[in-house]
J.: 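So that we are looking at the same thing, I have put the structure below in structure tokens.
It should be emphasised that the depicted structure is a prediction, and the values quoted were computed from it without experimental measurement. Proteins come first, then strands; the chains are lettered A, B, ... in the order of their sequence lines, and each starts at number 1.
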2 protein chains.
Amino acid sequence: MAPSTEPTRPLRSDAQRNRELLLGAARELFAERGIDVAMADIARHAGVSNGTLYNRFPTRTDLIEAVFLDRLERIVDLAGQALAVADPWQGFASYLIGVCELQADDRGFNEVAARNLADSPAARNLRAAALTGVTELLTRGARAGVLRADVTVEDLAFVIWGISRTVEITAGTAPRAWRRHLALAMDGFRAEGAHPLPEPPLPPGGVHPAPPKEN
Amino acid sequence: MAPSTEPTRPLRSDAQRNRELLLGAARELFAERGIDVAMADIARHAGVSNGTLYNRFPTRTDLIEAVFLDRLERIVDLAGQALAVADPWQGFASYLIGVCELQADDRGFNEVAARNLADSPAARNLRAAALTGVTELLTRGARAGVLRADVTVEDLAFVIWGISRTVEITAGTAPRAWRRHLALAMDGFRAEGAHPLPEPPLPPGGVHPAPPKEN
DNA sequence: CAGGAACTTGACGATGCCGTCAACTAATAG
DNA sequence: CTATTAGTTGACGGCATCGTCAAGTTCCTG
């Protein structure tokens, strides 16, 4: 078969401009109000008709992926920078803190981090990249004896998910509370004082939260 | 002023029966589909008109409180039973496991545990009771040197909140995953290997998530 | 057993969101 | 400059939920 992405001729100039207006508006509204804002609001905020919005991004998911792809890149970066930190625990910590800061700064991203969104090929690649970086981070820490040896990358999801909830609840009233939550959670990842875990880790690749039919 | 709760004459017999039908239906649907089920569904499921539902429970919150009050009682019980366990760490663990089991078994309750719902006087009382029990649980553990001394009751909310997210995401695919998450989180509460926390605890009384205006 | 109060019913209007489409407008290739 | 195709517009129909209310029914008191 031919390369999966067909040449896909470039957008007309005005369409390209509108696309960027829409992405900007979505980025902003997602960050402020979460990823469930009314589509019409996004269009209006971009100064464009809803028809155009649906034209460029047929589904809300398309829009979400386009908006948050760069966050994934940022995460890959974070993993890289964390590996550059000499002290294995510090590296591990800096990675998690970095990711959680992204969550705390952007309500939309916080929501995306909780569900397991983003299935485009681009997203998959970035995720894979992050995965190898973080795996290395974990094994390095385990070898150094600072990180418990029985945790897998999938266990980090528990931290992300948990922080996402704390951010969600405390964002308005105690915007730094998540740092305490994170510190407590991280102490649970230390080799020092680790006790056996009662349950096997999640399967590699994480959990796909099944069709998101709300009811 | 007179005692805040007026004598409030008893319901007529049919009304009382309908009230119980409604509570039963709500309990069931909340547990299965979460606390956002359509009001009309609850009424229909109870075999009653929506008018009657609104008559008995003017707001969804009224219904939620009525449905979940007994869960709060259960939590007070759990705290008591936990204190009866000789080993302080085991007691602490049994309490948290008990609460999280409630969350895992009831989608609605899991959602309620995440937000900080329930403000009726009855709920307040029960919460206060649970609070003192759990506080005792914590100080006992700290005195025994098994629980870190720098945690407060409010820190337990981080665990509950976090588990609530994990349950939410993994309920369909890995229904026991939360036990692993909880074990990791609890290891972060051990005195053994505790590192100083970067942020003060949440204010006593916890966080009131502000008006729940969705957007 | 009557009569009034308590309660129930279900249709209804209001609201808010989604996604579509026929008619219009603007970019670009030739 | 024109033809043609790409892109835009915004009104519209559909859907789901909410909460109300006038009319009808059931309970209970005297």
Side-chain angles (χ1 to χ4, degrees), chain A residues 5-26 28-30 32-67 107-108 111 115 117 211-215, chain B residues 6-26 28-30 32-67 107-108 111 117 211-215:
Chain A
T5 57
E6 311 187 8
T8 169
R9 74 169 65 191
L11 288 177
R12 222 172 69 177
S13 62
D14 55 343
Q16 177 61 30
R17 192 169 40 85
N18 283 339
R19 196 187 122 94
E20 265 140 33
L21 287 174
L22 283 167
L23 281 177
E28 204 169 313
L29 291 188
F30 284 166
E32 278 172 21
R33 307 199 216 155
I35 59 180
D36 289 326
V37 264
M39 293 295 261
D41 276 11
I42 298 175
R44 198 173 328 126
H45 201 260
V48 141
S49 84
N50 66 342
T52 298
L53 170 52
Y54 282 106
N55 211 11
R56 229 22 18 106
F57 303 98
T59 87
R60 162 175 255 112
T61 308
D62 293 329
L63 186 51
I64 290 174
E65 284 211 353
V67 163
R107 177 168 165 186
E111 292 171 5
R115 330 188 182 177
L117 244 43
K213 53 171 180 182
E214 166 54 22
N215 276 355
Chain B
E6 311 188 9
T8 170
R9 73 169 67 190
L11 289 177
R12 223 171 69 177
S13 62
D14 54 344
Q16 176 61 31
R17 191 169 40 82
N18 284 339
R19 195 188 123 94
E20 265 140 33
L21 287 175
L22 283 166
L23 282 177
E28 204 170 312
L29 291 188
F30 284 166
E32 279 172 20
R33 307 197 215 155
I35 59 179
D36 289 326
V37 263
M39 294 295 259
D41 276 11
I42 297 174
R44 199 173 327 125
H45 201 259
V48 141
S49 84
N50 66 342
T52 297
L53 170 51
Y54 283 105
N55 211 12
R56 223 37 2 126
F57 303 97
T59 85
R60 164 175 253 112
T61 309
D62 293 330
L63 186 52
I64 291 174
E65 284 211 353
V67 164
R107 177 168 165 187
E111 292 171 6
L117 244 42
K213 53 169 181 182
E214 167 54 23
N215 278 356

J.: Looking at dG7(D), I'd like to know if its phosphate oxygens (OP1 or OP2) sit under 4.0 Å from a side-chain N or O belonging to N18(A).
T.: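 No, N18(A) has no side-chain N/O under 4.0 Å of OP1/OP2 on dG7(D).
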J.: Report yes if some heavy atom in the side chain of N18(B) is under 4.5 Å from a heavy atom in the side chain of L11(B); otherwise report no.
T.: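 Result no, sub-4.5 Å side-chain heavy-atom pair not found.
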J.: So how far is it from Q16(A) CD to L21(A) CG, rounded to the nearest 0.5 Å?
T.: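 Spacing of CD (Q16(A)) from CG (L21(A)) equals 10.0 Å.
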J.: Quick one: L63(B) CG to dG19(D) C1', roughly how many Å, whole number?
T.: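 Distance, rounded to whole Å: 15 Å.
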J.: Return the value, rounded to whole Å, for the distance between atom CD1 of I35(B) and atom P of dC18(D).
T.: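 Distance, rounded to whole Å: 13 Å.
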J.: How long is the gap from CD1 on I42(A) to CZ on R33(A), to the nearest 0.5 Å?
T.: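 Spacing of CD1 (I42(A)) from CZ (R33(A)) equals 9.0 Å.
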J.: To the nearest 0.5 Å, what is the distance between CZ on R107(B) and CD1 on I35(B)?
T.: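 With rounding to 0.5 Å, CZ (R107(B)) is 10.0 Å from CD1 (I35(B)).
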J.: Listed in order of residue number, which residues of residues 47-58 of chain A have a non-hydrogen atom at under 4.0 Å from DNA chain C?
T.: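 Listed by number, they are N50(A), Y54(A).
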J.: Treating primed atoms plus P, OP1 and OP2 as sugar-phosphate and everything else as base, which nucleotides of nucleotides 22-28 of chain D get B, S or - for protein heavy atoms under 4.0 Å?
T.: ----BSS
J.: Find the distance D36(A):CG to dG16(C):P and express it as a whole number of Å.
T.: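 D36(A) atom CG is separated from dG16(C) atom P by 17 Å.
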J.: dA6(D) P sits how many Å from Q16(A) CD, rounded?
T.: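 Atom CD in Q16(A) sits about 16 Å away from atom P in dA6(D).
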J.: Hey, what do you get for CD (E111(A)) to CZ (R115(A)), rounding to the nearest 0.5 Å?
T.: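 E111(A) CD to R115(A) CZ: 5.5 Å, rounded to 0.5 Å.
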J.: In whole angstrom, what separates R19(A)'s CZ from dA6(D)'s P?
T.: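 So the CZ-P distance, R19(A) to dA6(D), works out to 18 Å.
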J.: Which pairs with one or both residues in residues 42-53 of chain B pass salt bridge (charged side-chain N to carboxylate O under 4.0 Å, His left out), sequence neighbours excluded?
T.: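 For residues 42-53 of chain B: D41(B)-R44(B).
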J.: Roughly how far, to the nearest 0.5 Å, is the CG atom of L22(A) from the CZ atom of R17(A)?
T.: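 Separation between the atoms: 11.0 Å.
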J.: I need the CG-P distance between L21(A) and dT8(D), as an integer number of Å.
T.: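 Rounded to whole Å, this separation is 10 Å.
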J.: Find out whether F57(B) and I64(B) are in side-chain contact, i.e. whether some heavy atom of one side chain is under 4.5 Å from a heavy atom of the other.
T.: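 A side-chain contact under 4.5 Å is absent here.
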